[in-house]
2 protein chains.
Amino acid sequence: MTIGSLAEATQTRVETVRWYEKVGLLPPPARSSGNYRLYGPEHLRRLSFIRRGRALGFTVEQIRDLLALADDRERSCGEVDIIARAHLADVERKLADLTRLASELREVIGQCGCGSVADCRIIEALSPLGEPA
Amino acid sequence: MTIGSLAEATQTRVETVRWYEKVGLLPPPARSSGNYRLYGPEHLRRLSFIRRGRALGFTVEQIRDLLALADDRERSCGEVDIIARAHLADVERKLADLTRLASELREVIGQCGCGSVADCRIIEALSPLGEPA
DNA sequence: CCTTGACCCTGTAGTGACTACAGGGTGCAT
DNA sequence: ATGCACCCTGTAGTCACTACAGGGTCAAGG
């Protein structure tokens, strides 16, 4: 399997696959006589894991930890649970922030009568001292 | 007003103020005899505008546009409205993504009985081929 | 007068997670 | 033999800052 097929199979860019190798998420594969990377099913599994983790919003660092834990099949998965819960808490914080943000934006936009900039409620809302900058 | 006082007044880091100047959001202020930056109320207004925009999640590029529009007080604020609505749409897209993400994460975490990694539902959920990586 | 410490200056490099080349080599079909 | 798609390495760019390193300035205290 060349890097192109692996990338296609996992919906990843070729450059990203090489980058995962460089930062140590994906082990260096064998090389062909022409120095092409040659991947096997284990690489496909590992890269799929990485991509799924990224799609769930885990950082590369968290995925590195999860991979290390996943490799040790006897271990209790308490640490996995901790990482996942920490990430969920993080996502929920961002969610709350964005929700507040969206409602603030909607309010600002709703007040705009679209007259001249001098009377624009959006500009005004951005200028805490009461006057446009 | 030195850069330190301006930074404090706007809840900004000193380095960030200098960075806004470097990228052209904040005009270069006068300098003291000892080459210190000296800011006036206009700078305070402008920086407050920038910070408020950032707090509402506008990109620096969008704020640059908003500032240019705000400076032209006769102009219709239709363009301001367009920028703000585009940003709101963006925020709402992210909100939807994060909401989906959070529920997926909650589901994954809920299934974890915290036994060994070999049976961990979290690890399993990350491994689309059915086996841990 | 000297020193201490808080503040300021410029410039560069680092963050996260890639992305985008530049400049070249490989492999296969025509 | 030539074209083309693919691959290689290495470097620089993205965004919005942040963190120094290595120095200069200023006011107060001794």
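Since the structure is predicted, the reported quantities are computational estimates derived from the model, not experimental observations. Note on naming: letters A, B, ... go to the chains in the order of the sequence lines (proteins, then strands), and numbering restarts at 1 for each one.
Rounding to whole angstrom units, CD of residue A/Gln62 and C1' of C/dG16 are separated by 12 Å. The distance from atom OH of A/Tyr39 to atom P of D/dC7 is 10 Å, rounded to the nearest whole Å. Atom CZ of B/Arg64 is separated from atom P of D/dA16 by 10 Å (rounded to the nearest Å). In this structure, the CZ atom of B/Arg31 is 16 Å from the P atom of D/dG24, given to the nearest Å. As rounded to whole Å, 14 Å separates atom C1' of D/dC17 from atom CG of B/Leu47. Note: CD (A/Glu61) to C1' (C/dA17) measures 12 Å, nearest angstrom. Whole-Å rounding puts the A/Phe58 CZ to C/dA17 P distance at 13 Å.
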Candidate pair B/Leu6 and B/Arg37, rule side chain to side chain contact (heavy atoms under 4.5 Å, CB included), full reasoning:
CA-CA 10 Å; B/Leu6 181 68; B/Arg37 287 170 178 84; over 6 Å; no
Worked check of side chain to side chain contact (heavy atoms under 4.5 Å, CB included) between B/Glu92 and B/Leu88
CA-CA 6 Å; B/Glu92 280 172 341; B/Leu88 177 57; 3.9 Å; yes
Give the C-alpha distance, both sets of side-chain angles, the deciding distance and a yes or no for side chain to side chain contact (heavy atoms under 4.5 Å, CB included) between B/Leu126 and A/Ile50.
CA-CA 8 Å; B/Leu126 283 164; A/Ile50 294 167; over 6 Å; no
Short heteroatom pairs, N/O only, protein and nucleotides 27-30 of chain C, under 3.5 Å:
{"residue": "C/dG27", "atom": "OP1", "partner": "A/Gly34", "partner atom": "N", "Å": "3.4"}

Which atom pairs link the protein and nucleotides 18-21 of chain C when you take only N or O atoms and keep those under 3.5 Å?
{"residue": "C/dC18", "atom": "OP2", "partner": "A/Tyr20", "partner atom": "OH", "Å": "2.9"}
{"residue": "C/dC18", "atom": "OP2", "partner": "A/Arg54", "partner atom": "NE", "Å": "2.7"}
{"residue": "C/dT19", "atom": "OP2", "partner": "A/Thr16", "partner atom": "OG1", "Å": "2.9"}

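With sequence neighbours excluded, the residues that form a side chain to side chain contact (heavy atoms under 4.5 Å, CB included) with A/Glu79 are A/Leu69, A/Arg75.
Grouping the Ile, Leu, Val, Met, Phe, Trp and Tyr side chains by contacts below 4.5 angstrom, directly or via other members, places B/Phe58 with B/Val23.
Proximity of a side-chain donor or acceptor of B/Arg18 to a complementary backbone N or O of B/Ile3 within less than 3.5 Å is not detected.
Remark: the A/Arg51 side chain and the A/Thr12 side chain contain an N/O donor-acceptor pair separated by less than 3.5 Å.
Contact check, B/Arg37 against C/dC8: no side-chain N or O comes under 4.0 Å of OP1 or OP2.
In this structure, the side chains of B/Arg100 and B/Leu105 stay at 4.5 Å or more apart for every pair of heavy atoms.
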